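Since we're looking at a predicted model, the values are computed, not measured. Reminder, nothing fancy here: chain letters follow the sequence lines and each chain counts from 1.
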Number of protein chains: 2
Amino acid sequence: MPPERTRPKAATIHDVAAAAGLSRGTVSRVINGEPYVSEEARAAVESAIRQVGYVPNTAARNLKTKRSRAVGLIVHEPHPLFLEDPNIGAILLGTNSVLSKADYQLVSLIIDSERDSDRVADYLGGGFVDGVIVISARAGDPIGRAVTAMGIPAAFVGHPPDLEGIAYVGIDNVHAAHAITERLLLTGRRRVGMIAAALDRDSGRDRLAGFRSALGERFDPELVVDSPLYSYRTGLEGMRELLKRAPDIDGVFAASDAIAAGALDALREAGRSVPADVGIVGFDDSAWALRCQPPLSTVRQPADLLGQMAAQRVLDQLDGKPSAPGGTMLDTEVIWRESA
Amino acid sequence: MPPERTRPKAATIHDVAAAAGLSRGTVSRVINGEPYVSEEARAAVESAIRQVGYVPNTAARNLKTKRSRAVGLIVHEPHPLFLEDPNIGAILLGTNSVLSKADYQLVSLIIDSERDSDRVADYLGGGFVDGVIVISARAGDPIGRAVTAMGIPAAFVGHPPDLEGIAYVGIDNVHAAHAITERLLLTGRRRVGMIAAALDRDSGRDRLAGFRSALGERFDPELVVDSPLYSYRTGLEGMRELLKRAPDIDGVFAASDAIAAGALDALREAGRSVPADVGIVGFDDSAWALRCQPPLSTVRQPADLLGQMAAQRVLDQLDGKPSAPGGTMLDTEVIWRESA
DNA sequence: TTGAAAGCGCTAACAA
DNA sequence: TTGTTAGCGCTTTCAA
């Protein structure tokens with residue numbers, strides 16, 4: 001006896017039509033809420049649907065309509081970062097809320113290997129989604145290129161440095177980094193360094209650029225260390241290195257809160273007190289910022305809004321609205337606490 | 001002139017056949033790597049595919065084969081928790097790695113409203129996915145019921161209290177909570193309380209049960225507070241309340257590391273020192289645990305392995321392997337640091 | 001080894 | 001207002 005694993009074969013529109021004593025066309029009209037259906041017919045179909053337990057087969061519908069009412073969100077993060085990045089969750093939720101209101105299904109796809117990258121590209125090409133949002137794309141990112149090459153409606157969160165003419169939303173990292181560095185300088189620091197990260201992304205590059213421009217003449221490349229990841233470890237090791245290179249350092253801009261948290265611990269282990277000996281500022285205003293000792297001065301970025309706007313950009317394209325390609329920059333805010 | 005927004009209409013298998021001078025059947029055979037295709041035919045088709053830029057239309061394929069080679073992962077979390085839960089990311093990555101190896105696409109679906117819940121149920125019924133993994137389902141969760149009702153191959157991470165006969169993987173929260181509470185007691189604490197959370201889930205209920213059993217006679221319901229969320233705020237407010245109820249409290253089991261972090265801050269604000277005055281232990285061994293001052297004693301749960309095993313359970317069902325329904329319990333480990 | 005043809009379940013003309 | 005019908009792009013017999 002074969003194991004009983006046959007799912008009760010799903011009812012089709014045909015079964016519903018039979019049960020209701022009407023044609024498939026009429027059933028289809030009811031399902032899609034179209035006009036020109038009599039009240040009786042509608043009622044009969046609706047009861048038949050419940051009776052046979054009908055669920056529309058979306059594959060068939062997609063095949064016919066060429067639309068899926070789904071939007072993909074591609075997250076391309078190296079492992080450790082994915083787990084720590086406080087913004088991703090908020091972006092996701094923001095995106096979902098906008099899409100949900102428009103009755104689109106958000107499907108998140110994570111890329112964690114080259115294999116994933118290829119499979120996701122196929123998935124996108126296969127008509128599973130009508131549009132796509134890409135977050136944290138990096139320079140030379142194959143998925144970013146694939147998306148633009150396919151011509152599928154898309155919006156990027158952040159701006160991959162090597163892609164032209166795309167729709168994206170982001171924050172002005174240069175400006176934000178400049179602002180917080182300037183504020184740090186206001187506390188009277190003389191030797192200010194930076195722990196940079198992710199220089200292959202716009203966010204990383206731009207934060208460094210902002211830092212540099214705020215320092216102007218005083219910028220000293222010796223006082224900048226960098227690493228690929230916005231992580232605690234980056235902060236820990238970066239700060240140790242900075243301390244070695246310049247024992248008299250008295251101010252640090254960490255490219256993220258997680259990095260700042262690591263730097264704080266390195267400072268603690270070196271017996272420096274914050275903010276008395278060294279002032280430190282972060283970036284993100286994540287949950288971490290408040291829980292550090294002392295609480296972090298940092299830059300707040302509106303992650304949920306970023307997600308919402310990216311979703312809206314895709315929706316606009318789907319509706320055929322022009323939605324001028326190019327970027328939308330959202331404002332950030334310096335949050336001043338006690339770490340500097 | 002209408003705006004030029006027509007995506008170059010995708011090439012079909014038909015175009016490939018024409019370009020290769022062969023039939024659609026042969027093209028299909030090549031695409032699916034089937035035997036009985038001559039070398040010349042294969043080469044011709046492959047070059048034709050490149051030439052016309054063919055990407056298989058998955059909707060059509062699914063319609064025919066009734067399979068999508070995709071597995072859904074449903075995350076059902078109230079907002080704030082989603083952003084803080086350190087396990088979700090690891091579960092996601094674990095799941096993805098197993099599925100990816102089996103050449104399945106993981107698609108994550110987030111439920112953040114009733115509307116989402118309905119839409120996701122339709123999505124699952126619509127043939128977009130062959131199987132589904134549900135994480136953090138709660139008692140009475142409609143999506144859990146929908147999934148089991150549909151009879152779609154599924155695995156749960158954690159065990160919704162009201163669902164019978166389902167496949168799930170989890171940790172033994174009772175045992176783990178018992179173990180760490182016992183260890184806390186070993187430090188000589190006399191008045192030990194708990195900040196519980198999420199009592200509508202197995203994890204929350206079971207951690208409380210383990211705490212209670214470890215305390216035995218000494219269990220005092222007055223020393224237990226609870227809140228719906230595993231959050232920092234729960235810890236902050238819970239600890240304040242506990243301090244009010246029992247100023248002589250000297251030990252606390254926090255149901256998660258985030259809660260413990262909040263409790264730590266409440267203790268600090270009350271001028272109590274940890275671990276001298278009060279010993280505190282958490283749960284999760286998240287990134288937080290190490291960054292607290294002092295570092296947290298906690299329970300490590302193998303979140304990535306949980307994800308991997310859940311994926312495997314679904315894959316087994318998809319392959320028609322029996323995969324006895326019921327639970328798999330993974331081991332946890334008490335990590336002892338300096339907070340108690 | 002290949003081609004021809006019959007649908008998968010659905011929508012959207014077109015007729016009635 | 002409803003029924004009929006022709007595919008959407010693909011896989012999969014069955015014949016050749």
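- Distances from the side chain of A:Leu63 to the nucleotides D:dG9, C:dA6, D:dG3 place D:dG9 closest.
- In the interface, the side chain of B:Lys64 is paired with the base of C:dG7 through a donor and an acceptor atom under 3.5 Å apart.
- In this structure, A:Ser28 does not reach the C:dA12 phosphate: none of its side-chain N or O atoms is under 4.0 Å from OP1 or OP2.
- With hydrogens and angles ignored, the 3.5 Å screen pairs a side-chain donor or acceptor of B:Asp116 with a backbone N or O of B:Asp112.
- Between A:Thr12 and B:Glu39, the one whose closest nucleotide on DNA chain C sits nearer the 5' end is B:Glu39.
- Rounded to the nearest 0.5 angstrom, A:Ile49 CD1 and A:Asp15 CG are separated by 11.5 Å.
- Spacing between atom CZ of B:Arg24 and atom P of D:dT11 amounts to 11 Å, rounded to whole angstrom units.
- The separation between B:Ile13 atom CD1 and D:dG7 atom C1' is 16 Å, rounded to whole Å.
- Atom CG in B:Leu22 sits roughly 10 Å away from atom C1' in C:dG3 (whole-Å rounding).
- Counting to the nearest Å, the C1' atom of C:dT11 and the CZ atom of A:Arg69 are 15 Å from each other.
- Among D:dT2, C:dG9, D:dC8, the nucleotide with an atom closest to any side-chain atom of A:Ser23 is D:dT2.
- Between B:Arg29 atom CZ and D:dC10 atom P the separation is 15 Å, expressed in whole Å.
- Panel note: side chain B:Arg69, backbone B:Asp103; a donor-acceptor pair is recorded below 3.5 Å.
- With DNA chain D read from its 5' end, the first of the two nearest nucleotides for B:Ala59 and B:Gly25 is the one closest to B:Ala59.
- An OP1 or OP2 oxygen of C:dT11 is reached within less than 4.0 angstrom by a side-chain nitrogen or oxygen of A:Asn32.
- Within the 4.0 Å cut-off from OP1 or OP2 of D:dG3, at least one side-chain nitrogen or oxygen of A:Thr26 is found.
- With rounding to whole Å, A:Lys66 atom NZ is found 17 Å from C:dC10 atom P.
- At the phosphate of D:dC10, neither OP1 nor OP2 sits under 4.0 Å from any side-chain N or O atom of B:Thr65.
- Rounded to whole Å, the distance from OH on A:Tyr36 to P on D:dT2 is 13 Å.
- Separating the CZ atom of B:Arg67 from the P atom of D:dT12 is a distance of 8 Å, rounded to the nearest angstrom.
- Under a cut-off of 6.0 angstrom, the local environment of CD in A:Glu34 is crowded, with over 12 non-hydrogen atoms contributed by other residues, nucleotides or ligands.
- Between B:Tyr168 and B:His159, the angle of the ring planes stays under 30°, which puts this pair in the parallel group of the 30/60° scheme.
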